[in-house]
Amino acid sequence: MNVSRPAVHPVEAPPVTEAAVHGPRVRMKDVQGMPGTKGGLFLRLSQFSFAIISVSVMATTSDFRSATAFSYLVLAVGLQSLWSLTLAFVDIYALLVKRSLRNHKAIRLFTIGDGITSTLTFAAACASAGITVLIGNDLNKCAFNHCTRFETATAMAFISWFAMSPSFLMNFWSLASQ
């Protein structure tokens, strides 16, 4: 019986790549709070709801135009509500089609947008809080003004900013890890 022997063919070593030197790149798993997750959608909806409450309370006050800080609060929180609603729709779409929003350009856009809107909202809330303290404590004109409405709108703006901070930090962390 004539049995064939296996032939050994020389094989070249694969070229050294970055993956071979540093190991394969491992994608970070989606952490709740990042875009395209249920936690991210919850944060966006809470940002939107608190921003809308703040705008609604301040806009229904007849004399909010008496201080520039209150007008700035309406503008900043209005922009915050539009940004949060837009990204909430993006999160809903990503959850429905089961897509991950881990695209580098998208994460960069989310991070820059979150950074700008959160800074504007925080500055407006701080300015409004200062004017509210001035009207209420220093000038003692709360009987003539709507101090409780001003305080409520300012508090809602701060809560909206607190809901925005995790979104910004998660996006910034995701951007830095890519």
#### Entry: Heavy-atom closest contact (G36 atom, D91 atom, distance)
N-OD1, 2.8 Å
### Task
Give a yes or no on whether the backbone of F48 and the side-chain of S81 come within a donor-acceptor separation of less than 3.5 Å.
no
### Query
Hey, what do you get for OH (Y93) to NZ (K98), rounding to the nearest 0.5 Å?
13.5 Å
### Query
Once you round to the nearest 0.5 Å, how far does CZ of F172 lie from OG of S177?
11.0 Å
### Message
Tell me if a side-chain donor or acceptor on S46 pairs with a main-chain N or O of F42 at a distance below 3.5 Å.
### Response
yes
Please list every donor-acceptor pair under 3.5 Å in which a side-chain atom of residues 125-136 meets a protein atom from a residue at least two apart or in another chain.
from : atom 1 : to   : atom 2 : distance (Å)
S128 : OG     : A69  : O      : 3.3
S128 : OG     : A124 : O      : 3.0
T132 : OG1    : S128 : O      : 2.7

### Message
Any side-chain to backbone donor/acceptor pair from T111 onto N171? Under 3.5 Å, distance only.
### Response
yes
## Note on the structure
Heavy-atom nearest pair, A157 first then V77, reads CB-CG2, 3.9 Å
## Note on the structure
All heavy atoms of I107 vs all of P35, minimum pair found to be CD1-CG, 4.3 Å
### Query
Going hydrophobic residue to hydrophobic residue with side-chain gaps under 4.5 angstrom, can you get from L95 over to F89?
yes
### Query
Are any side-chain N or O atoms of T154 and backbone N or O atoms of F150, one a donor and one an acceptor, separated by less than 3.5 Å?
yes
### Message
Is there a path of hydrophobic side-chain contacts, each under 4.5 Å between heavy atoms, that joins V57 and M156?
### Response
yes
### Message
Using a 3.5 Å distance criterion without hydrogens, assess whether the side chain of S54 forms a donor-acceptor pair with backbone atoms of F50.
### Response
no
### Task
Looking only at non-hydrogen atoms, find the nearest pair between A163 and L43 and report the distance.
O-CD2, 3.7 Å
### Query
CG of L75 to CE of M58: how many Å apart, nearest 0.5 Å?
12.5 Å
### Task
Any chance you could lay out the side-chain contact (heavy atoms from CB on, under 4.5 Å) test for D114 and W83, step after step, and finish with the verdict?
CA-CA 8 Å; D114 283 348; W83 177 254; 2.7 Å; yes
### Query
Do L120 and Q80 come close enough that some side-chain heavy atom pair is under 4.5 Å?
no
### Query
Do W173 and M34 touch side chain to side chain, with heavy atoms closer than 4.5 Å?
yes
### Query
Could you give the distance from OG1 (T119) to CE (M164), rounded to the nearest 0.5 Å?
9.5 Å
#### Entry: Rounded distance (nearest 0.5 Å) linking atom OG of S174 with atom CZ of R108
12.0 Å
### Task
Write out all pairs satisfying disulfide bond (SG atoms under 2.5 Å apart) with one or both partners inside residues 144-178, taking only residues at least two apart or from two chains.
C142-C147
### Query
Which distance, rounded to the nearest 0.5 Å, do you find between the OG of S84 and the CG of L79?
9.0 Å
### Query
Is there a path of hydrophobic side-chain contacts, each under 4.5 Å between heavy atoms of I, L, V, M, F, W or Y residues, that connects L73 with F64?
yes
### Query
If you group Ile, Leu, Val, Met, Phe, Trp and Tyr by side-chain heavy-atom gaps below 4.5 Å, do L87 and L101 land in one group?
yes
### Task
Determine whether I92 and L96 make a side-chain contact, defined as any pair of heavy atoms from C-beta on separated by less than 4.5 Å.
yes
### Task
Could you check whether the rings of F162 and F158 sit parallel, tilted or perpendicular, using 30° and 60° as the cut-offs?
tilted
### Query
In terms of hydrophobic clusters joined by side-chain contacts under 4.5 Å, are Y72 and I116 together?
yes
### Task
Could you check if a side-chain atom of F70 sits within less than 4.5 angstrom of a side-chain atom of T61, using non-hydrogen atoms only?
no
